[in-house]
2 protein chains.
Amino acid sequence: MKYTYEYPRPALTVDVVAFSLQNQNLCVLLVARGEAPFAGMWALPGGFVNMDEDLESAAERELEEETGLRGAYLEQLYTYGAPERDPRGRVVSVAHFALVPSNEPVRTAGGSDASAAQWHPLNELPQLAFDHQEIVAYALRRLRYKLEYTAVGFELLPETFTLTELQQTYEIILGEELDKRNFRRRILQAGIIEATQQKRSGEGRPARLYRYRDDAVAEVKTRRLFP
Amino acid sequence: MKYTYEYPRPALTVDVVAFSLQNQNLCVLLVARGEAPFAGMWALPGGFVNMDEDLESAAERELEEETGLRGAYLEQLYTYGAPERDPRGRVVSVAHFALVPSNEPVRTAGGSDASAAQWHPLNELPQLAFDHQEIVAYALRRLRYKLEYTAVGFELLPETFTLTELQQTYEIILGEELDKRNFRRRILQAGIIEATQQKRSGEGRPARLYRYRDDAVAEVKTRRLFP
DNA sequence: CCAAAAGTGTTTGCTCTACACCCATGG
DNA sequence: CCATGGGTGTAGAGCAAACACTTTTGG
């Protein structure tokens with residue numbers, strides 16, 4: 001490894017794929033691009049990494065600057081570095097994915113950096129700038145995958161929730177229906193949520209509210225089937 | 001997103017955690033550092049990304065330059081970007097992990113870039129430069145994890161191998177013994193290897209040689225247990 | 001013929017799945 | 001009292017785990 005100064009450097013950015021449930025739809029947060037290239041198209045929130053900040057902090061900061069969101073669940077996804085992915089020159093982007101509770105308010109009037117942020121249902125996404133389509137597709141695969149063996153689904157719900165709401169969350173993301181009794185039995189057996197004393201009244205019988213136990217182990221040990 | 005030129009840029013490197021089995025030990029390939037910082041310590045092979053090359057190509061190239069290895073299985077792992085991880089300044093590194101068949105010869109007399117490459121058993125690793133200890137630990141977790149639900153283990157063996165060799169590979173990496181009959185039944189049922197007509201003679205009864213079927217689906221669909 | 005490693009089935013227990021009815025509340 | 005969603009148990013099938021002896025070769 002030689003000294004760093006001798007080499008030209010790619011620009012380094014972070015992008016964030018933020019998921020949330022809005023009106024029973026799985027949505028991604030997009031911002032409208034104000035400038036070329038891809039002016040007027042939608043893109044993932046993101047921007048340059050500062051010299052003194054962590055990658056995850058950069059992703060957090062960009063998400064907040066462009067959408068007002070704070071404290072969302074955030075995780076590094078993959079780093080995209082194809083030489084031609086940005087027409088302005090070499091830009092390498094560390095993509096993250098974020099999960100936002102559905103009751104979280106998003107500032108859809110833009111902040112300093114972008115014109116406007118908006119939730120877009122996954123099944124009617126517009127064309128996206130750069131390679132962002134590919135990044136979203138990968139983030140979705142990872143979300144589905146993660147949902148099957150970790151407790152990450154709770155990050156999309158408010159602090160307390162009913163079992164039916166939780167089941168609907170899983171159903172929407174996985175795109176298939178689940179059996180109510182099996183769902184409840186297994187999620188309770190896993191010991192990652194606990195009942196509160198409260199109930200929520202609506203139409204019909206009131207439902208008990210549950211809360212995520214943050215002392216729970218997030219990774220559910222998956223049975224090995226290969227060998 | 002503004003124009004790229006306005007911002008100072010971190011340096012961008014790739015590092016490679018290359019695993020191989022050597023004398024029944026799971027090993028990592030390390031190079032001895034010639035210069036400060038961390039002169040004389042061991043480090044992961046790696047180096048700067050060129051402006052016109054893919055991240056994965058950069059990892060491949062660095063691995064070849066420093067060790068002579070070509071065509072190994074290679075996959076992006078995680079991007080490390082803590083501001084203080086390199087004392088020379090801000091360096092962000094895209095870590096990869098690689099799997100090298102045990103019969104592959106490594107040029108342990110150094111090439112252009114590094115002084116010497118050597119396999120080091122995982123259970124007696126020396127102190128490593130930078131945050132490379134952490135990177136190796138994460139790569140190992142990922143390798144074990146991947147082994148349980150994908151066919152990636154074959155990448156550590158020569159083109160043909162016996163079932164006993166394959167089982168030993170799994171046992172070494174997972175760090176536990178497996179039942180011979182169950183192992184064979186399952187790996188054959190999975191349909192990812194096929195018998196050849198050859199046998200290998202040694203002490204005792206000759207063993208049939210198998211080969212990886214590259215038309216096989218690499219991901220074994222894991223049964224969901226959550227929910 | 002002996003040592004060394006290869007190869008081969010069955011039984012038992014557990015976990016997943018499918019499935020239908022009663023309960024509590026609000027209007 | 002009726003409509004609405006909440007909550008609960010069981011039987012059958014399929015999969016995983018445990019386990020010991022026979023076969024083939026080389027010396």
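Below, read A as the first sequence line, B as the second, and so on, with proteins coming before strands; counting in each chain starts at 1.
The side chain of A/Arg186 places an N or O atom within less than 4.0 Å of a non-bridging phosphate oxygen (OP1 or OP2) of C/dT17. Close to D/dG6, at under 4.0 Å from its OP1 or OP2, lies no side-chain N or O of A/Arg208.
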Original post:
Which nucleotides of nucleotides 21-27 of chain D have their base under 4.0 Å from a protein heavy atom (B), which only their sugar-phosphate (S), and which neither (-), written as one string 5' to 3'?
Top reply: --BBB--
Measure all distances between protein nitrogen or oxygen atoms and nitrogen or oxygen atoms of nucleotides 10-12 of chain D, and list the pairs falling under 3.5 Å.
residue : atom : partner  : partner atom : Å
D/dT10  : O4   : A/Arg185 : NH2          : 3.2

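Considering A/Leu178, A/Ile187, A/Asp179 as possible partners of A/Gln167, the one that fulfils the side chain to side chain contact (heavy atoms under 4.5 Å, CB included) test is A/Leu178.
In this structure, B/Ile135 and B/Tyr80 have side chains that are in contact, with non-hydrogen atoms separated by less than 4.5 Å. Side-chain contact between B/Leu157 and B/Asn103 is absent, with no heavy-atom pair separated by less than 4.5 Å.
Other residues, nucleotides and ligands place no more than 12 heavy atoms under 6.0 Å from the CG atom of B/Asn23.
Nucleotide C/dG7 holds its C1' atom 13 Å from the CG atom of B/Asp179, rounded to whole Å. B/Glu165 places its CD atom 12 Å from the C1' atom of C/dA5, with the value rounded to the nearest Å. As a whole-Å value, the separation of B/Gln189 CD from D/dA16 C1' is 11 Å. Distance CG (B/Leu209) to C1' (C/dG7): 15 Å, rounded to an integer number of Å. Atom CD in B/Glu177 sits roughly 15 Å away from atom C1' in D/dC19 (whole-Å rounding). For the pair B/Phe183 CZ and D/dA16 P, the computed distance is 15 Å after rounding to whole Å. At whole-Å resolution of the value, CD in B/Gln198 and P in C/dA6 are 17 Å apart. Atom CZ in B/Arg184 sits about 18 Å away from atom P in D/dA18, given to the nearest Å.
Between the side chain of B/Arg181 and the base of D/dC19, a donor-acceptor pair under 3.5 Å is found.
A/Phe161 and A/Tyr210 have their aromatic ring centers separated by at least 6.0 angstrom.
Side chains of A/Arg208 and A/Thr160: a donor-acceptor N/O pair is absent below 3.5 angstrom, by distance only. With hydrogens and angles left out, the side-chain atoms of B/Ser20 and B/Ser102 include no donor and acceptor closer than 3.5 Å. Neither side chain, A/Tyr170 nor A/Gln168, offers a donor N or O lying under 3.5 Å from an acceptor on the other.
Nucleic acid contact class of A/Thr162 (heavy atoms, under 4.0 Å, all strands): none.
Under 4.0 Å is where a charged nitrogen must lie from a carboxylate oxygen, and between B/Glu75 and B/Arg142 at least one such pair does.
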